[in-house]
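See structure below.
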Amino acid sequence: MPDTKPSAVGTLAFINAGPIIWAIHLTLIYGGHTLLCTPLQMREIAGPYVLAVTAAALLALGAFLLRPHFWASACGLPPTTADRPQYDSLARLLATLGVVAVAWAGATAFFLSACVAAR
Amino acid sequence: MRPRQYELPNPGERPEGEVRELERIWAMPRGFSLVTAVNNSVIGILYIGTAFLFFLLAGVLALIMRTQLAVPGNDLVSQDFYNQIFTVHGTTMMFLFAVPAVEALGVMLLPQMLAARDLPFPRLSAFAIWAYVVGGLVFFSTVFYDLAPKGGWFMYTPLTLSEFSPGDNADFWLLGIGFIEISAIAGAIEIIVGTLRTRPPGMTLAKMPIFAWAMLIFAAMIMVAFPAVILGTMLLEIERTFGWPFFTADKGGDPLLWQHLFWFFGHPEVYIIFLPAAGLVSMIVSTMARRPLIGHRLIVVALIGTGFFSFGLWVHHMFTTGIPALSLGFFSAASMAVAVPSGIQMFSWIATIAASRGRFRITTPSLFILGFLFIFTVGGLTGVMVALVPVDFQVHDTYFVVAHFHYVLIGGMVFPLFATFYYWAPMVSRRPLSERLGRWVFWLMFIGFNVSFFPMHITGLRGMPRRVWTYPDDLGWNTLNMISTVGAYILAAGVLIFLIDLIRNFRTGEGGPDNPWGAGTLEWLPNDVYSARSIPLVTSREPLWDQPGLPEEVRHGHHFLPNAPTGGRETLVTSPIDARPEYVIRMPGPSWTQVIAAVFTAAFFLLLTVKAVWPALICGAVAIAACLVWCWSLDPGPGKGRIDIGAGLKVPTYMSGPTSHSWWAMVVLMIVAASLFIAYVFSYLYLWTVSPGVWPPAAAGPPDIAWPLAGAALTVAGLAAVRIAGRSLPAPGRRNASAPVLTVVGSLCLVAAIGLELYGHWQSGLRPAENAYSAMVYMAGVVNGQLVLAVFILAGFAAARHVAGRLDRDRRVSFDNMALLHYYTAGQFLFSLLLVHGFPPMVN
């Protein structure tokens with residue numbers, strides 16, 4: 001067995017990075033859209049805000065997908081364990097799923113006006 | 001046979017008498033004392049048996065409903081009783097059957113699947129189960145006394161406010177279900193720590209069985225989802241009892257807040273039920289196809305992805321409530337996106353069956369799996385339909401939705417559960433269930449289900465609303481309803497034959513075949529009352545397939561911990577990611593304490609429901625006392641030293657600090673508390689967006705800044721006291737006065753801080769029943785106060801252990817647990833001070 005002990009929190013955070021970014025994205029677009037529409041009354045920037053947050057989330061996911069080894073090291077995963085390729089693969093697949101979900105939710109801002117009722 | 005690829009941890013012959021010693025230590029109590037048992041095999045069967053009883057009872061209510069709806073204008077039951085039975089049917093199926101059933105399977109299967117002697121907190125499991133048994137039976141019995149709730153399983157406000165639902169009926173739901181959710185959280189803590197810390201050596205996260213992955217994600221979801229509805233039930237019960245207007249619109253509240261809190265729990269709940277079932281399906285498909293799953297990694301991705309995405313769907317239950325279109329779009333997209341991971345799993349299962357090239361065995365479990373694939377796919381497709389906002393506008397609250405969610409829930413959970421009954425029965429029963437009767441059960445259930453629920457799609461599209469007691473005969477719904485009723489009886493006939501099969505063949509005890517299906521996972525190792533004789537070194541995902549001599553090696557004690565070196569119940573704790581042996585847990589055995597604690601906790605909640613406050617408080621005190629007695633025997637200390645478990649490894653028999661399982665359990669509990677607090681912060685901000693005019697009301701000025709500053713100063717002083725107490729714990733065998741005094745003083749500082757905060761608001765003229773703002777301000781005190789009470793009790797407990805010579809700088813788990821919760825509570829309280837005192841001036 002390897003000598004370097006992987007960090008439990010770090011490994012779980014690395015594997016789940018994609019869905020975590022998705023969750024932050026959904027919280028920010030739903031919460032931000034609601035705040036801009038109702039209490040803050042800044043309706044004109046609600047749509048661009050959603051697109052900006054979506055772009056930022058996609059950039060974060062892209063950065064993760066392009067440099068997974070950097071993020072793995074940052075999360076305390078040892079580079080040489082037998083299971084490391086599997087964790088890398090899980091993380092990449094989940095981040096890809098995150099890209100799909102973020103883009104799907106964010107794309108709604110292209111098709112729907114902000115702050116208007118559906119019917 | 002392939003040569004072994006690993007060294008045996010204990011290659012030599014084992015001494016005589018080791019097995020008899022294990023049998024003695026793990027022996028189950030007999031006779032009436034059986035209720036004190038904590039062995040997972042006993043309480044797991046009690047758990048699943050009770051859940052199945054609730055399935056039958058709720059099924060009887062469903063048959064009454066279907067009989068009532070068979071013909072138009074029927075008056076078999078009254079409208080009021082119909083309201084009660086559809087509420088109790090849904091509530092029972094969701095809270096008393098589905099979640100407990102899958103938790104029961106976790107308790108029953110996980111230790112064997114992980115080759116652990118038991119999960120790490122056996123008394124906690126037993127407490128959760130007895131609390132559920134007592135609380136559940138009392139809740140269900142309300143239907144016999146005209147006391148059952150009538151607001152639907154989701155108890156929407158304002159219908160459930162006291163003006164529109166007088167009497168105690170709704171309170172039975174709020175307190176009864178809130179209490180049962182606490183039981184579910186207790187089970188989730190056990191499952192998370194058990195899955196991450198009691199795997200056998202070599203079973204890294206990547207080699208963990210799919211069912212264990214599913215249960216880990218299931219328990220993590222409970223941790224985040226359930227606190228939202230617990231907060232919701234607290235708010236609603238407080239409004240009903242004390243008039244704090246969280247949901248009353250003319251005082252700044254909003255009925256939709258309840259829907260947000262309920263569905264933030266309610267939608268993940270569907271996946272909380274489905275994911276373990278999907279885990280079971282993966283296990284059974286692989287065994288029946290006699291090959292590893294195709295796309296094992298993709299299935300793990302799908303389970304994790306589904307778990308996360310399920311928290312982004314709750315608003316799709318609220319599409320018709322007037323939320324802006326763009327926000328609906330976010331949740332519509334997420335609702336469709338969740339179909340992607342679900343589809344991944346479906347294709348993996350189908351690919352595994354196809355890749356078996358005709359070797360897939362058609363057995364009763366396989367039939368239920370194939371039935372599941374068909375029914376769940378139909379439910380998934382209609383799920384994508386109702387995720388489309390315009391379609392949802394049309395079919396919302398119609399029988400189309402009833403058809404959809406029954407296809408998802410019965411297909412996604414009940415069919416896999418029946419597959420599980422037939423598949424895993426040989427593990428706990430001397431005889432397997434009957435294949436012949438099983439096929440009758442399957443076909444009757446499959447045909448009955450589709451005959452009953454498929455027509456409901458059309459009934460719904462023709463406009464029949466949900467929850468109606470009866471209907472006129474000229475709307476074109478008559479034939480469809482009659483067909484649905486006939487189908488329901490056919491489905492019930494299948495369940496009845498299953499009961500007959502159970503009565504004829506299910507006999508608990510030893511003597512069944514070891515691995516009748518030729519499965520590859522560890523639950524099929526030779527088992528006894530102590531689980532596996534020795535804890536195996538695992539080298540692959542399907543060890544029984546890839547390590548062919550493993551069952552005999554384990555049976556003869558050639559793997560880890562083949563004996564009981566501490567002379568008591570114990571199991572091996574391994575590291576969470578790479579499963580390296582770390583230490584041996586010494587676990588408690590049978591006791592009355594957890595049973596008494598559970599019964600009196602149930603009594604506390606139920607007596608509160610009928611407003612018998614003093615008897616309730618007495619029962620609550622007895623429950624707390626029982627918990628303290630139960631915990632007194634834990635934390636045994638490092639007296640047993642290090643023990644040899646095999647492979648030249650000597651591991652400690654005691655652990656404190658971040659490596660210990662109790663530390664992990666406390667961290668999980670803190671995450672639950674944080675989830676509840678986040679739900680509170682959401683509620684606070686949500687009500688502000690709805691009613692900024694009362695934030696804060698003009699009549700009451702803010703309290704003097706001195707009050708929150710004094711509260712913060714006391715909190716910091718309490719933190720310092722606990723920190724110093726931790727450093728001044730004496731050496732083993734010695735005592736001092738400073739550590740226990742500082743421990744108690746630290747907790748008293750927190751109590752005083754909360755008291756000052758509430759008094760400051762009170763003296764400024766703010767009253768909680770005045771409006772939504774004031775209610776939320778005082779609610780912060782309630783949310784923080786419950787944690788402060790827990791810290792206070794734990795501090796007293798730690799001080800008492802110190803005085804009794806059971807706490808020192810080595811034997812310190814009781815102190816560490818208290819200190820962790822103290823630090824968290826202090827942080828939460830300081831944040832709430834910032835929110836309550838900082839936010840209103842900021843927005844005004």
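Naming convention: chains lettered A, B, ... in sequence-line order (proteins, then strands); numbering from 1 in each chain.
- Of the two parts of B:Pro576, only the side chain, counted from C-beta on, holds a non-hydrogen atom closer than 4.5 Å to a non-hydrogen atom of chain A.
- Both the backbone and the side chain of A:Trp104 come within less than 4.5 Å of a heavy atom in chain B.
- The nearest pair of heavy atoms linking B:Ile304 to A:Pro19 is CG2-CG, 4.5 Å.
- With rounding to the nearest 0.5 Å, the separation of CD in A:Gln86 from NE2 in B:His296 is 8.0 Å.
- Here B:Leu326 contributes atom CG and A:Cys115 contributes atom SG; the two are 8.0 Å apart, rounded to the nearest 0.5 Å.
- Of the listed residues B:Ala337, B:Ser575, B:Ala206, the one with more heavy-atom pairs under 4.5 angstrom with chain A than any other is B:Ala206.
- Taking a 6.0 Å sphere around CZ of B:Phe393, one finds it holds more than 12 heavy atoms contributed by other residues, nucleotides or ligands.
- With rounding to the nearest 0.5 angstrom, the CG atom of A:Leu26 is 9.0 Å from the CG atom of B:Leu313.
- When heavy atoms are compared at a cutoff of 4.5 Å, B:Leu205 approaches chain A by way of both its backbone and its side chain.
- The ring pair (Phe, Tyr, Trp, His ring centres under 6.0 Å) search around B:Phe330 returns A:His33, not counting sequence neighbours.
- Among all heavy-atom pairs drawn from A:Trp22 and B:Ala334, the shortest one is CZ2-CB, 4.4 Å.
- Between chain B and the residues A:Ala23, A:Ala114, A:Ser89, the most heavy-atom pairs under 4.5 angstrom are made by A:Ser89.
- Heavy atoms of A:Ile15 lying under 4.5 Å from chain B belong exclusively to its side chain.
- Between chain B and the residues A:Pro6, A:Ala101, A:Ala117, the most heavy-atom pairs under 4.5 angstrom are made by A:Pro6.
- At a 4.5 Å heavy-atom cutoff, the contact between B:Thr320 and chain A is made by backbone and side-chain atoms alike.
- How far CG of A:Leu97 is from CZ of B:Phe308: 11.0 Å, rounded to the nearest 0.5 Å.
- Residues of residues 64-74 of chain A having a heavy atom under 4.5 Å from any heavy atom of chain B: none.
- Of the listed residues A:Leu94, A:Leu40, A:Thr38, the one with more heavy-atom pairs under 4.5 angstrom with chain B than any other is A:Leu94.
- Within the model, atoms CH2 of B:Trp688 and CG of A:Leu35 stand 5.5 Å from one another, a figure rounded to the nearest 0.5 Å.
- A pairwise comparison of heavy atoms in B:Ile323 and A:Tyr30 identifies CD1-OH, 4.5 Å as the closest pair.
- Residue A:Val102 does not touch chain B at all, counting heavy-atom pairs closer than 4.5 Å.
- Residues A:Thr34 and B:Ser327 come closest through the heavy atom pair OG1-OG, 4.4 Å.
- Within a 6.0 Å radius of CD in A:Gln41, more than 12 heavy atoms belonging to other residues, nucleotides or ligands are found.
- Within the 4.5 angstrom heavy-atom criterion, only side-chain atoms of B:Val315, from C-beta onward, approach chain A.
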Exercise. Check step by step if side chain to side chain contact (heavy atoms under 4.5 Å, CB included) holds for B:Thr204 and A:Tyr87.
Key: CA-CA 11 Å; B:Thr204 61; A:Tyr87 300 143; 4.2 Å; yes
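- Among residues 52-59 of chain A, no residue has any heavy atom closer than 4.5 Å to a heavy atom of chain B.
- When heavy atoms are compared at a cutoff of 4.5 Å, B:Val340 approaches chain A solely by way of its side chain, counted from C-beta outward.
- Contacts with chain B were tallied for A:Leu112, A:Leu90, A:Ile29, A:Leu93; A:Ile29 has the most, counting heavy-atom pairs under 4.5 Å.
- For B:Gln394, the CD atom is loosely surrounded, since the number of other residues' heavy atoms within 6.0 Å does not exceed 12.
- Taking every heavy atom of both residues into account, A:Pro39 and B:Thr689 meet most closely at CG-CG2, 3.9 Å.
- The part of B:Phe331 that comes within reach of chain A is its side chain, from C-beta onward, which places non-hydrogen atoms under 4.5 angstrom from that chain.
- Sorted by first then second residue, the salt bridge (charged side-chain N to carboxylate O under 4.0 Å, His left out) pairs that include residues 326-336 of chain B, not counting sequence neighbours, number zero.
- For a residue to count as touching a neighbouring chain, one of its non-hydrogen atoms must lie under 4.5 Å from one of that chain's; by this rule A:Thr27 does not touch chain B.
- Taking a 6.0 Å sphere around CZ of B:Phe682, one finds it holds more than 12 heavy atoms contributed by other residues, nucleotides or ligands.
- For chain A, the nearby parts of B:Ile577 are the backbone and the side chain; heavy atoms of each come within less than 4.5 Å.
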